[in-house]
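A short write-up of the structure that comes next.
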Amino acid sequence: MAENTFLAGDAHWWRQAVVYQIYPRSFKDSNADGMGDIPGITSKMDYLAQLGIDAIWLSPFYPSALADGGYDVDDYRNVDPRLGTLADFDVMVGAAHGANIRVFVDIVPNHSSNRHVWFRDAVAAAPGSPERARYIFREGKGAHGELAPSDWPSHFGPTAWTRIIEANGEPGQWYLHLFAPEQPDFNWDNPEVIQDFETTLRFWADRGVDGFRIDVAHALKKDMTEPLPSVTSFAMENIPLDGSHPLFDRDDVHEIYRGWRTVFNEYDPPRVAVAEAWVPAERRPKYAGADELGQAFNFDLLGTPWSAKKFHQTIEFNIDLAAKSHSSSTWVLSNHDVIRHATRYGLPKKVNSDNWLMSDGKTPEIDLEQGLSRARAATMLIMALPGSTYIYQGEELGLFEVADIQDADLQDPMWLRGGKTKKGRDGCRVPLPWAKAGSSFGFGDGPSHLPQPFWFPAYSVEFEESQSGSTLKMYREMIALRAQLQGAETLEWVKSRKKVVHFTRPGGWHSITNFGKKSIELPAGTVVISSGPLVEGKLPAHTTAWITE
Ligand code: NOJ
């Protein structure tokens, strides 16, 4: 079992950490089956150490039918045999700690998979049984129970209810699933569910895991009082500030996280967690409180347009917000659920990001050069902010979204279940190019579970290592500099011209980003890094520079 004594005593390591998200199936394949795996991660620990990150977060690697990329978990305390074994996991944690890298795992508490032993038991048992009470089962409406108990939609499709066939072979009760039918929602009013998740948290913490990313943290508690309200009486995606939404961000969800905090504090240092909670910003600090999860994702930059004013506002707002719970903010530009930011910043404004078409049905022109320079500048900007920064595998290579995966190859339930109208998230989940050539560009010695594009060689680790000014080299240098320059969690804004974001951090560290089209003069000092070349000593459009006094 992996020890992590090197961390003992440092309870605040996470506050300004750089966390690298690994999507395990697509990171590195060690056994040529086309699927990335845990030994693959271990084999790349030197690469991760060289990148200079403080922690890795692994998206789910648990046994799963992959109905939702692993967010449909069959067994919370095991490793998918296609991805390795628990022993492989322990070796990986040992290697990470040996390289001074902490490990986060993903906890998926809102729903299990329909192959989880509890769900199989629930289907086999009778209505009203303790087995059914671990999930949310209801009788259907209509003369024969043939209508869903309510009109609630799921995130992936038209209905959040699926009817089961009872042991007698007849159609029977319905169960709730806010995501795919393969993802039945747990009943968090059941103490058995509460206990089981605490066991899971201890299971991984005992194996040396340092932190947890909590999936859909705001959805666990539901008001299932009959009669169930029609979706026409509340807005599915619009959560009020008073905790009255029947499905999301209910006040009693916080009891669960106060219980988890007790578990985290059994360890030295206390285990940490970050909530994925899509709630109104004002409601985020509760999840991030020191008596709960400790940190909550701030996804606001994902929707912030390329504008100095908007970036400034988003940053200021989130620093203040995190301070309300004595937490630090998280900065995120890409993850496994969104279009990679190098592409996002190159898309025309009017593109429909669901189907990648313009309003007139035409295919958009994507300005990749602009996209990448803005992406590099935005990343360098967030790396200079107080708080922790989450980066997503492949962004250090400047990877673009793979926008042209053939329909037949798409795997995402957003595509498969959404009437095949939304392209979904496969384009940011394509296996990484490690080498310029080879059957899957060094991802493995075999195929790749999603097709890789023709342009990958020029974005491979091998190629970028040979190129000065490559995005990979910039990330390495930037993260190393950040570690040197990082001090207290404060920031001072420097009044600047329009279209520029300029601030300083303690010790005379300036970050200045030019959002405009014209080059600008830089303040006095030494330019220690820039996201693109300076032009005649000036900072060109879509570029960030760090300057020390
Ligand atoms: C959020 C995860 O990031 C996403 O990938 C997943 O589909 C949903 N939660 C459901 O678990």
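Whatever order the structure lists them in is the order used to number ligands and atoms, beginning at 1. The structure presented is a predicted model; accordingly, all values stated were derived computationally and were not measured. We're numbering straight along the sequence, starting at 1.
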Q: Taking the six-membered ring for Trp and the full ring for Phe, Tyr or His, determine whether the centres of Tyr345 and Trp306 are under 6.0 Å apart.
A: yes

(Q) Here's a test for you: under side-chain contact (heavy atoms from CB on, under 4.5 Å), which of Leu301, Ile319, Leu302 qualifies with Thr314? (A) Leu301

**Q.** Sole residue of Asp37, Leu48, Leu58 in side-chain contact (heavy atoms from CB on, under 4.5 Å) with Phe27
**A.** Leu48

**Q.** Partner residues of Phe400 under the ring pair (Phe, Tyr, Trp, His ring centres under 6.0 Å) criterion, sequence neighbours left out
**A.** Trp455, Tyr459

**Q.** Test ring pair (Phe, Tyr, Trp, His ring centres under 6.0 Å) applied to Phe317 - qualifying residues, sequence neighbours left out
**A.** none

Q) What residues, two or more places apart in sequence or in another chain, satisfy side-chain contact (heavy atoms from CB on, under 4.5 Å) together with Glu198? A) Ile194, Arg202, Trp260, Val263

Show me the short polar-atom pairs for ligand 1: any N or O of it lying under 3.5 Å from a protein N or O, with distances only.
{"unit_1": "ligand 1", "atom_1": "3 (O)", "unit_2": "Arg213", "atom_2": "NH2", "d": "3.0"}
{"unit_1": "ligand 1", "atom_1": "3 (O)", "unit_2": "His336", "atom_2": "NE2", "d": "2.8"}
{"unit_1": "ligand 1", "atom_1": "3 (O)", "unit_2": "Asp337", "atom_2": "OD2", "d": "2.5"}
{"unit_1": "ligand 1", "atom_1": "5 (O)", "unit_2": "His336", "atom_2": "NE2", "d": "3.1"}
{"unit_1": "ligand 1", "atom_1": "5 (O)", "unit_2": "Asp337", "atom_2": "OD1", "d": "2.7"}
{"unit_1": "ligand 1", "atom_1": "5 (O)", "unit_2": "Arg425", "atom_2": "NH1", "d": "3.3"}
{"unit_1": "ligand 1", "atom_1": "7 (O)", "unit_2": "Asp68", "atom_2": "OD1", "d": "3.2"}
{"unit_1": "ligand 1", "atom_1": "7 (O)", "unit_2": "Asp68", "atom_2": "OD2", "d": "2.6"}
{"unit_1": "ligand 1", "atom_1": "7 (O)", "unit_2": "Arg425", "atom_2": "NH1", "d": "3.0"}
{"unit_1": "ligand 1", "atom_1": "9 (N)", "unit_2": "Asp215", "atom_2": "OD1", "d": "2.8"}
{"unit_1": "ligand 1", "atom_1": "9 (N)", "unit_2": "Asp215", "atom_2": "OD2", "d": "3.2"}
{"unit_1": "ligand 1", "atom_1": "11 (O)", "unit_2": "His111", "atom_2": "NE2", "d": "3.0"}
{"unit_1": "ligand 1", "atom_1": "11 (O)", "unit_2": "Asp215", "atom_2": "OD2", "d": "2.7"}

